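Have a look at the structure below, then the notes.
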Amino acid sequence: MNGGLYIDPMNLLHHIQDKFRTALKDLVPDVEPYVANVKATQDPKHGDYQANCAMPLAKVLGKKPRDIAQDIVNRLALDDVLEKPEIAGPGFINLRLQSAWLAKQVQAIANDDRLGVGFVQPARRFVIDYSSPNVAKPLHVGHVRSTIIGDALTRILRFLGHTVTTDNHLGDWGTQFGMLLYGYKNLLDKDAYNNDPVRELARVYIEVRNLIGNEGEDEDAATNPVADACRAETAKLHHGDPENNRLWQEFMPHCLADLHTLYDKLGVLPFDHEHGESFYNPMLPAVVDSVMQAKIAEVGDGGAIIIRFNENNVALIRKRDGAFTYTTSDLATIQYRVKEFKPDAILYVVGFPQTQHFINLFEAARRWGYRDIELTHIAFGSVKGADGKVLRTRDGGTVELGYLIDEAVRQGRAVVDANSPELPDAERAQVAEVVGIGAVKYADLCQNRTSDYIFSWEKMMAMEGNTGTYMQYAFVRNRGIFRKAGIDPQTLRHNPPTITLGTPHERALAIQLLRFEEALRAAIVEYQPSGVTAYLWDLAKTYSGFFQNCPVLRAETDALKQSRLLLCDLTARVLQQSLQLLGIKTVERM
Ligand code: ARG
């Protein structure tokens, strides 16, 4: 790390907020709500940051807002950091950072691997439960959201210094498995199974689902002979039937291998743990005993055991026939994770339809004694086709993850073939993967995760606009400057030149670069990876303004050229690092 010019960690917002903390100290006993009123401005006309604390303070102190604003400004230590603040309108305090100070900060992060991003104090311990597909079902596009969002959150939290344990909570024990067992016993094509077990199991699964006739998710609720037979298979599995348990042992390695191939192609981090529902099975009777003893569960109709939240909201934890449920298994999971990983927070990246399940689960866990731990459902919306309905393949099938990945690579290939046909074939094949997969991830992550979004290859592959392809291309073009001039950016980093921020474009770019930590922290407050893409989009636009207005290789003086080159290099590194935090790779040419 480069030595001591700047205040570590580099966080413009916190630096200014510290100044306000000191300035407000003698005005009110609790300064924090007012300190929180210092924010980045939307419009550079109002400065870089703006403090809106004079208005609420005036109410408390019974004075005029503009007078309070003036009082605060008088108390504010500007040092060599801030220009003289301006008081606007009813009492807004507009703050501008001194360009010379900004220049020094930029120079100081030139040789910092973390680009000025500090470690959050205190660090927290997280368990993140994501991806978590039901292994018997073919993976479809909905699961990709949980996987991509969970992967990005893990990377961002770890980069900020938190400890994250990732756990793929596979559905490897529920009704779906009973359907698979039934299908295997009654509908299997042996040769096909020997050839490609996962494909054949997936086929059989779909056939069983059609027989049950519930297109929706709720096979569990169906009442017909096939549904009954499937439930009987599940029950046999749970009660230790040797044949069904042997088949479970036989299917699982194939299902897992298939899943891991997909994860690999998708380029997501390997999971620390993959404790599926089956893992918790032996713990379930004790969980039911424990909640009964704690008097949070009761015996309901016909001997079922339930946890009651209000008259019409109960969670079933043991069915009349003695079977345990998803909730029982999730309670056991909480108990196990707390004991094993001692987390401060457990995050569940699961779609909206399970909202009620998690509300109930978290309430039950609190009553059971897990009060000091953050339990959060990171919900997300669904992926829709152009018609606003469930996404389908061209021939009308459901979009399986494998198909999605192959199509992404084809799309990526089309981009690089059109853009750089001169690259060697092997390189283009590799770029195709990076671009195609990157586009899919970016399109997903740049949405507010709570919204549904329309899946469109055309939009996500575009070379212009807020897309992964554009960000990757911005990186490539930036690198091209150094290649063209034959300059090794390492020398700039080891021996950073003096930075000059003589134009608004250079100044804006410097601020944007120095806001990296601020953006990451803001993104994580709401567990919104879109905070990072929003930052990337701002950075890319600011860089483009800089690049169009400030000649780099043809700058008027060599000193200016060096200064601009360093701004370029830092932009490339922040782009690359941000993309990496989203699980998106970069290439040197495309
Ligand atoms: N397997 C479930 C599904 O695909 C998601 C599991 C989410 N995690 C959990 N701990 N409940 O619907």
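These figures come from a predicted structure and were not determined experimentally. Counting starts at 1 for both ligands and their atoms, following the listed order.
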If the cut-off is 4.0 Å to any non-hydrogen atom of [X], which atoms of ligand 1 fall inside it?
| X | value |
| --- | --- |
| Y348 | 10 (N) |
| H143 | 4 (O) |
| V350 | 7 (C) |
| F358 | 11 (N) |

- Task: State, without any angle test, whether S290 and W368 hold a side-chain donor-acceptor pair at a distance under 3.5 Å.
- Result: yes
- Query: What pairs meet the ring-ring contact (aromatic ring centres under 6.0 Å, His included) rule with one or both residues in residues 292-332, with sequence neighbours excluded?
  - Reply: Y326-H357
- Query: Among the heavy atoms of D129, does any lie under 4.0 Å from an atom of ligand 1?
  - Reply: yes
Report yes if some N/O of [X] lies less than 3.5 Å from some N/O of ligand 1; otherwise report no.
| X | value |
| --- | --- |
| R337 | no |
| Q354 | yes |
| Y326 | yes |

- Message: Using side-chain heavy atoms (C-beta onward) and a distance below 4.5 Å, is M460 in contact with Q411?
- Response: no
- Message: The criterion is ring pair (Phe, Tyr, Trp, His ring centres under 6.0 Å); which residues satisfy it with Y453, sequence neighbours excluded?
- Response: none
- Query: If hydrogens are left out, which of G351, G174, S132 has an atom nearest to atom 4 (O) of ligand 1, that is, the closest non-hydrogen atom?
  - Reply: S132
- For the pair F516 and F159, name the ring-plane relationship: parallel under 30°, tilted 30 to 60°, perpendicular over 60°. tilted
- For the residue pair F271 and Y130, does the interplanar ring angle fall in the parallel (under 30°), tilted (30 to 60°) or perpendicular (over 60°) class? tilted
- First locate atom OG1 of T175, then atom CG of N134, and finally report the distance between them rounded to the nearest 0.5 Å. 9.0 Å
- Logged contact type for D330 with ligand 1, heavy-atom cut-off 4.0 Å, is side chain
